[in-house]
Amino acid sequence: MRIDIATLFPEMCENVLSESIVGRARKKGLIDISCRNIREYTNDKHRRVDDAPYGGGMGMVMQAQPIYTCWLELCKELGCTPHTIYMSPKGKTLTQQKAAEFSSYSNIFIICGHYEGVDQRVLDKIVDEEISIGDYVLTGGELPALVLSDCIARMCDGVLSDEVCYQDESHYNGLLEYPQYTRPEVWEGMPVPEVLLSGHHKNIEAFRHNKSLEITRQLRPDMFEKYINMHKSDK
């Protein structure tokens, strides 16, 4: 799949996206993530992309034209319209299920806002949905865009060694992940649970599932209730 990020700080995004699992996946061609500098698409000779808000108020607002031109250029390049996302604290909260849905798209265009936001008219014209990574406000959309890109990328074919790598993680199946252990078998007087050393895969699977239920009930009772109700309806 391909993700294009429209940003005022492409170097910032590239520094993160070039590292670790996502960076290796990009080098292997498993996923295509590009960062587009919004300033390159402005008609202003001084490369300005913002102006004072109509109606007054503090700060500046990002103009519609540079973002729209950037989007149009991408549409021409792709030969189709990408699924367009605006990172916004007003958007729907990102979930693992939502990221899984996004990972099925061929092309995604992510807009990073700044200052006091983006001219609403371009959002109304091209944005398919607004996404938030939490109920708080950041200085710009770059960090949320990077979070979203990472979350999507790791579920694309070949990025992780096996689908189990993300299917066993917190939130994927509606539960929080079970605790993990590695060597040594005893650390600071605390041993690894005996069942994990048994080699009995069925017992290990049951232990891990029960631990996931226990941890979810303790830390996220809302998730636990939703999971229990969902599985009741399956019966």
Side-chain angles (χ1 to χ4, degrees), residues 3 12-28 30-31 33 87 89 92-103 131-235:
I3 298 174
M12 170 186 174
C13 296
E14 281 290 348
N15 286 339
V16 174
L17 295 169
S18 297
E19 298 293 334
S20 191
I21 290 172
V22 175
R24 292 195 293 272
R26 291 176 74 195
K27 288 178 182 176
K28 292 178 181 178
L30 298 173
I31 185 167
I33 306 179
M87 305 308 301
K92 293 180 180 178
T93 303
L94 177 63
T95 64
Q96 189 70 22
Q97 289 69 35
K98 195 64 179 174
E101 176 190 323
F102 288 148
S103 69
I131 294 293
S132 167
I133 62 167
D135 295 335
Y136 47 86
V137 178
L138 298 172
T139 55
E142 282 72 24
L143 291 176
L146 292 170
V147 168
L148 177 59
S149 299
D150 185 283
C151 197
I152 294 171
R154 63 200 315 279
M155 286 188 285
C156 293
D157 290 344
V159 173
L160 298 181
S161 58
D162 196 288
E163 288 184 3
V164 174
C165 293
Y166 61 80
Q167 290 177 348
D168 272 356
E169 292 176 328
S170 294
H171 301 286
Y172 189 85
N173 64 354
L175 294 173
L176 299 180
E177 189 180 4
Y178 48 81
Q180 299 278 13
Y181 303 86
T182 188
R183 297 184 181 185
E185 289 184 19
V186 180
W187 179 80
E188 293 289 311
M190 295 180 285
V192 172
E194 194 171 324
V195 64
L196 299 179
L197 308 175
S198 67
H200 196 298
H201 297 298
K202 189 173 182 179
N203 288 350
I204 291 172
E205 185 178 343
F207 169 81
R208 286 174 166 171
H209 180 66
N210 289 334
K211 280 295 181 181
S212 286
L213 288 170
E214 178 185 325
I215 290 169
T216 306
R217 184 174 62 247
Q218 290 175 352
L219 301 180
R220 289 292 302 273
D222 57 321
M223 283 179 60
F224 179 77
E225 184 177 354
K226 183 177 179 180
Y227 178 85
I228 295 299
N229 289 335
M230 180 179 66
H231 284 269
K232 279 181 182 178
S233 65
D234 291 340
K235 294 179 181 179

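Computed from a predicted structure; not experimentally measured. Starting from 1, each residue takes its place in the sequence as its number. Excluded from the calculations below are hydrogen atoms, water molecules and symmetry mates; all remaining heavy atoms, backbone and side chain alike, are included.
- Atom CG of residue L213 and atom CD of residue Q218 lie 11.0 Å apart, to the nearest 0.5 angstrom.
- The CG atom of L17 sits 10.0 Å away from atom CE of M12, with the distance rounded to the nearest 0.5 Å.
- Of the possible polar contacts, one joining the N210 side chain to the A206 backbone as a donor-acceptor pair under 3.5 Å is found.
- The main-chain N or O of A100 is found under 3.5 Å from a side-chain atom of S103 such that the two form a donor-acceptor pair.
- Atom CG in L94 sits 7.5 Å away from atom CD1 in I152 (nearest 0.5 Å).
- Annotation: side chain of R208 is in contact with side chain of Q180 (closest heavy-atom distance under 4.5 Å).
- Looking at S212, its side chain does come within 3.5 Å of a backbone N or O of Y178 through a donor-acceptor pair.
- The shortest side-chain heavy-atom distance between M87 and V147 does not fall under the 4.5 Å cut-off.
- Annotation: D135, atom CG; neighbour count of heavy atoms from other residues, nucleotides and ligands within 6.0 Å does not exceed 12.
- A salt bridge links K211 to E214: one of the charged nitrogens lies within less than 4.0 Å of a carboxylate oxygen.
- Minimum interatomic distance between P89 and Y136 (heavy atoms only, all atoms of both residues): CB-O, 3.7 Å.
- The two atoms that bring V159 and A153 nearest to each other are CG2-O, 3.2 Å, heavy atoms only.
- Listed by chain and number, the residues in a salt bridge (Lys or Arg N to Asp or Glu O under 4.0 Å) with E101 are K98 (sequence neighbours excluded).
- For the side-chain contact (heavy atoms from CB on, under 4.5 Å) criterion with S18, the lone passing option out of R24, R26, K27 is R26.
- Remark: side-chain polar atoms of T216 are paired, donor with acceptor, to backbone N or O of L176 under 3.5 angstrom.
- The distance from atom CG of L148 to atom CD1 of I133, rounded to the nearest 0.5 Å, is 9.5 Å.
- Counting heavy atoms from C-beta on, the side chains of C156 and L30 never come closer than 4.5 Å.
- For the pairing with C13, the side-chain contact (heavy atoms from CB on, under 4.5 Å) check across L146, L143, I33 returns one residue only, L146.
- Here the CD1-CG distance, from I204 to L197, works out to 8.5 Å after rounding to the nearest 0.5 Å.
- Distance check: I21 CD1 to D150 CG gives 8.0 Å after rounding to the nearest 0.5 Å.
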